[in-house]
There are 2 protein chains.
Amino acid sequence: MTKRDQLGNFELMVMLTLIRLGENAYGVPISEELEKRTGRDVAIGSVYAALERLEDKGFVTSELGEATPERGGRAKRYFRVTGRGLKEVRETQRALVKLWHGLPELEGGKV
Amino acid sequence: MTKRDQLGNFELMVMLTLIRLGENAYGVPISEELEKRTGRDVAIGSVYAALERLEDKGFVTSELGEATPERGGRAKRYFRVTGRGLKEVRETQRALVKLWHGLPELEGGKV
DNA sequence: ACTCATTTATTCACTATTCTTGAATAAATG
DNA sequence: CATTTATTCAAGAATAGTGAATAAATGAGT
């Protein structure tokens with residue numbers, strides 16, 4: 001099996017959340033936003049694992065934030081989608097839409 | 001990890017293809033249709049593996065077809081999406097659309 | 001009818017990657 | 001040092017991917 005560059009289901013979801021959050025994307029809020037939007041439980045460990053894989057693939061980059069005064073706790077690690085990452089998201093999205101396009105059984109048929 | 005009832009990326013794609021093909025859904029055409037629509041190489045073995053998982057989860061059923069005269073070859077095994085399967089597809093689709101809805105970076109923002 | 005090559009399709013065995021969970025660790029503050 | 005906030009780790013289960021093997025049916029040739 002050659003290196004897989006495609007996005008898994010969860011990876012795609014993380015990418016989409018990353019895009020949505022923009023500047024404020026780090027582990028905790030990513031996880032929360034994901035839970036809020038999907039209604040599913042999200043283990044924070046899963047998110048970090050996915051982010052690491054995504055960084056390995058070059059779909060995201062990360063940068064350690066400065067410690068914020070006025071609050072305890074470790075520094076945040078901010079994540080950002082790369083150009084390649086965005087492109088990959090678009091492609092995955094397109095593949096899915098193509099697959100469900102026009103199916104009367106699904107609401108999205110008219111997309 | 002308790003039994004996962006959610007659809008993986010590839011499983012979702014297989015389900016969508018299954019819905020599209022309707023009556024004529026068996027291994028070979030599923031694989032071909034998938035390749036045609038996504039432009040990706042699809043190993044036939046993967047398709048059967050996914051179908052087996054999906055059947056275990058109750059998302060599809062299968063039935064052995066009769067041998068067709070006028071052609072050699074083994075009998076086909078036809079697959080069909082169950083009610084639960086269709087529901088699961090809809091839910092997965094909805095989760096994805098919700099995640100990318102309104103993102104200006106993606107074409108689908110207007111869906 | 002019998003055997004064999006051919007065709008069509010499914011199953012198998014194995015490896016790699018992704019996903020999930022719970023616990024551990026790290027770093028900052030007061 | 002206790003508390004807070006956040007990331008990292010380790011291990012196991014599920015999903016994905018590949019190539020080869022097997023199965024079942026047909027028709028040709030003898």
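Within every chain, numbering begins at 1; the chains are lettered A, B, ... in the order of the sequence lines, protein sequences first and strands thereafter. Predicted model only: the values in this text are computed from it and were never measured.
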Atom-pair distance ([atom1] on [X]; [atom2] on [N]), nearest Å:
X     : N      : atom1 : atom2 : value
A/I44 : D/dA6  : CD1   : P     : 9 Å
A/E52 : C/dT17 : CD    : P     : 14 Å
B/L51 : C/dC12 : CG    : C1'   : 16 Å
A/R77 : C/dT25 : CZ    : C1'   : 15 Å
B/L54 : D/dA16 : CG    : P     : 9 Å
A/Q6  : C/dA16 : CD    : C1'   : 14 Å
A/K57 : C/dT17 : NZ    : P     : 10 Å
A/L7  : D/dT15 : CG    : C1'   : 15 Å

request  = Could you check B/Y26 against B/G45 and say which one's nearest nucleotide on DNA chain C is further toward the 5' end?
outcome  =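 That would be B/Y26.
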Considering every strand and a 4.0 Å limit on heavy-atom distances, what is the contact class for [X]: base, sugar-phosphate, or nothing?
X     : answer
B/E11 : sugar-phosphate
B/A49 : nothing
B/G27 : sugar-phosphate

From the set [options], return the single nucleotide nearest to any side-chain atom of [X].
X     : options                : answer
A/N9  : D/dG17, D/dA16, C/dC19 : C/dC19
B/R53 : D/dT15, D/dG17, C/dT20 : D/dT15
B/R74 : C/dT21, D/dG17, D/dA24 : D/dA24
B/K76 : D/dG17, C/dA9, D/dA16  : C/dA9
B/F10 : D/dT8, D/dG17, C/dT20  : D/dG17

**Asked** Going from CE on B/M15 to CG on B/L54, what distance comes out if it is rounded to the nearest 0.5 angstrom?
**Response**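 Going from CE on B/M15 over to CG on B/L54, the span is 6.0 Å.
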### Query
Paired with C/dT15: which nucleotide, if any, by Watson-Crick or G-U wobble criteria at under 3.5 Å for both distances?
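WC or wobble partner is D/dA16.
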| message | Partner lookup for D/dT8, please. Criteria are Watson-Crick or G-U wobble with both distances under 3.5 angstrom; report none if nothing qualifies. | response |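 Pairing partner: C/dA23.
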**Message:** Given 3.5 Å as the limit, does a donor-acceptor pair link the side chain of B/S62 with the main chain of B/Y78, or not?
**Reply:**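 It does not hold such a pair.
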**Report entry** Under 3.5 Å donor-acceptor, A/S31 side chain and A/G27 backbone
**Finding:**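 Checking the backbone N and O of A/G27 against the side chain of A/S31, no donor-acceptor pair under 3.5 Å is found.
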* Asked: Does B/R40 put a side-chain nitrogen or oxygen below 4.0 Å from OP1 or OP2 of D/dG17?
  ->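 For D/dG17, OP1/OP2 do not have a side-chain N/O of B/R40 under 4.0 Å.
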Next item on the list: Using a strict 4.0 Å threshold on nitrogen-to-oxygen distance, state whether B/E33 and B/R37 make a salt bridge.
Entry: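 Judged by the 4.0 Å cut-off on N to carboxylate O distance, B/E33 and B/R37 do form a salt bridge.
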Open item on the list: Assess whether a salt bridge exists between B/E88 and B/K57, defined as any Lys/Arg side-chain N lying under 4.0 Å from an Asp/Glu carboxylate O.
Closed with: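 Salt bridge: no.
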